[in-house]
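Encoded as structure tokens, the structure appears first; notes follow it.
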Amino acid sequence: MRKNERGFVLPITLLLTFLVLFLLTHYSALYVVEARSFYETKGRYQLQYLINHGLFEAKKYVNDSLKKEETSWIETKNGSVEITISPLSATEAKVELVCKGANSGNATVWVVMDVDSHKVIQYQEGSSLSF
């Protein structure tokens, strides 16, 4: 070996190792963020399904609830919905939905419905869609 020659294998190996570890860390972090995003999106869709299903079931029983307050439960494979229907006036009823997702969190929704036409007059979500 000559006096003025220096090694180049170690610095290039260290540089390539650093680049490979950097790229591996970067892409694994991207994967984790994307997987979490898909999980949260799926949970929000499941809660929205529970809210829609609860409103559909509440429309069936809103006529009978003008006499007194009623509470019922619906169990689905995505979670459960507690429906509380209370009369506000002769033509309006307040519907409270408490949705508990199987793996997607909780949601609370208050709805004022017109009893005759089964239309939603007012819609309000509580501190909902939380995970």
Side-chain angles (χ1 to χ4, degrees):
M1 190 149 53
R2 294 187 191 159
K3 212 176 191 185
N4 59 359
E5 290 181 358
R6 297 186 181 185
F8 66 91
V9 174
L10 181 62
I12 288 180
T13 305
L14 290 176
L15 181 66
L16 289 176
T17 304
F18 174 74
L19 287 175
V20 167
L21 288 176
F22 177 75
L23 289 174
L24 182 67
T25 305
H26 177 70
Y27 284 114
S28 63
L30 285 177
Y31 173 75
V32 168
V33 168
E34 188 175 355
R36 180 67 180 167
S37 173
F38 285 143
Y39 175 76
E40 288 180 1
T41 302
K42 180 181 175 183
R44 290 184 186 274
Y45 281 130
Q46 285 179 347
L47 281 176
Q48 192 62 43
Y49 166 77
L50 289 173
I51 290 169
N52 290 340
H53 190 65
L55 283 174
F56 180 75
E57 291 295 321
K59 285 180 181 180
K60 293 179 184 177
Y61 303 111
V62 77
N63 283 338
D64 301 332
S65 66
L66 286 178
K67 300 168 186 129
K68 61 182 174 105
E69 185 173 315
E70 287 186 22
T71 302
S72 62
W73 281 87
I74 300 172
E75 294 285 334
T76 66
K77 65 179 181 177
N78 294 327
S80 63
V81 181
E82 178 185 0
I83 303 170
T84 304
I85 303 173
S86 53
L88 289 177
S89 66
T91 59
E92 294 178 352
K94 177 182 175 184
V95 178
E96 181 180 357
L97 304 172
V98 179
C99 304
K100 295 179 182 176
N103 59 356
S104 58
N106 301 324
T108 305
V109 175
W110 294 276
V111 175
V112 176
M113 276 189 183
D114 184 14
V115 176
D116 296 330
S117 63
H118 293 286
K119 291 190 178 179
V120 175
I121 298 171
Q122 196 175 28
Y123 180 90
Q124 177 184 1
E125 291 185 7
S127 61
S128 64
L129 301 177
S130 60
F131 291 92

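Remember, predicted model here, so these are calculated numbers, not experimental data.
Under a 3.5 Å cut-off, the side chain of T41 and the backbone N or O of S37 do form a donor-acceptor pair.
A salt bridge links E40 to R36: at least one charged side-chain nitrogen sits closer than 4.0 Å to a carboxylate oxygen.
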List the atom pairs, with distances to 0.1 Å, where a side-chain N or O of residues 14-24 and a protein N or O form a donor-acceptor pair under 3.5 Å, not counting sequence neighbours.
from : atom 1 : to  : atom 2 : distance (Å)
T17  : OG1    : T13 : O      : 2.7

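Across W110 and E125, no two heavy atoms sit closer than the pair CZ3-C, 4.1 Å. Heavy atoms only, all atoms of each residue included: I83 and A58 are closest at CG2-CB, 4.0 Å. Of all non-hydrogen atoms in L50 and N78, the two that sit nearest each other are CD1-O, 4.1 Å. Minimum interatomic distance between G105 and L47 (heavy atoms only, all atoms of both residues): O-CD2, 3.7 Å.
Side-chain atoms of V98 and N106, non-hydrogen and from C-beta on, never get closer than 4.5 Å to each other. With contacts defined as side-chain heavy-atom distances shorter than 4.5 Å, the pair F56/I74 does not qualify. V81 places none of its side-chain heavy atoms less than 4.5 Å from the side chain of H53.
Rounding to the nearest 0.5 Å gives a distance of 6.5 Å between CG of L55 and OH of Y123. Distance NZ/K77 to OH/Y49: 7.5 Å, rounded to 0.5 Å.
The environment of Q122 atom CD is sparse: at most 12 non-hydrogen atoms of other residues, nucleotides or ligands sit within 6.0 angstrom.
Exactly one of R44, K42, Q48 qualifies for a side-chain contact (heavy atoms from CB on, under 4.5 Å) with Q46. That residue is K42. Only one option out of L88, T84, V111 pairs with K94 in a side-chain contact (heavy atoms from CB on, under 4.5 Å); it is L88.
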Worked check of side-chain contact (heavy atoms from CB on, under 4.5 Å) between I85 and M113 = CA-CA 10 Å; I85 303 173; M113 276 189 183; over 6 Å; no
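Here Y45 pairs with nothing under the side-chain hydrogen bond (donor to acceptor under 3.5 Å, both in side chains) rule; sequence neighbours left out.
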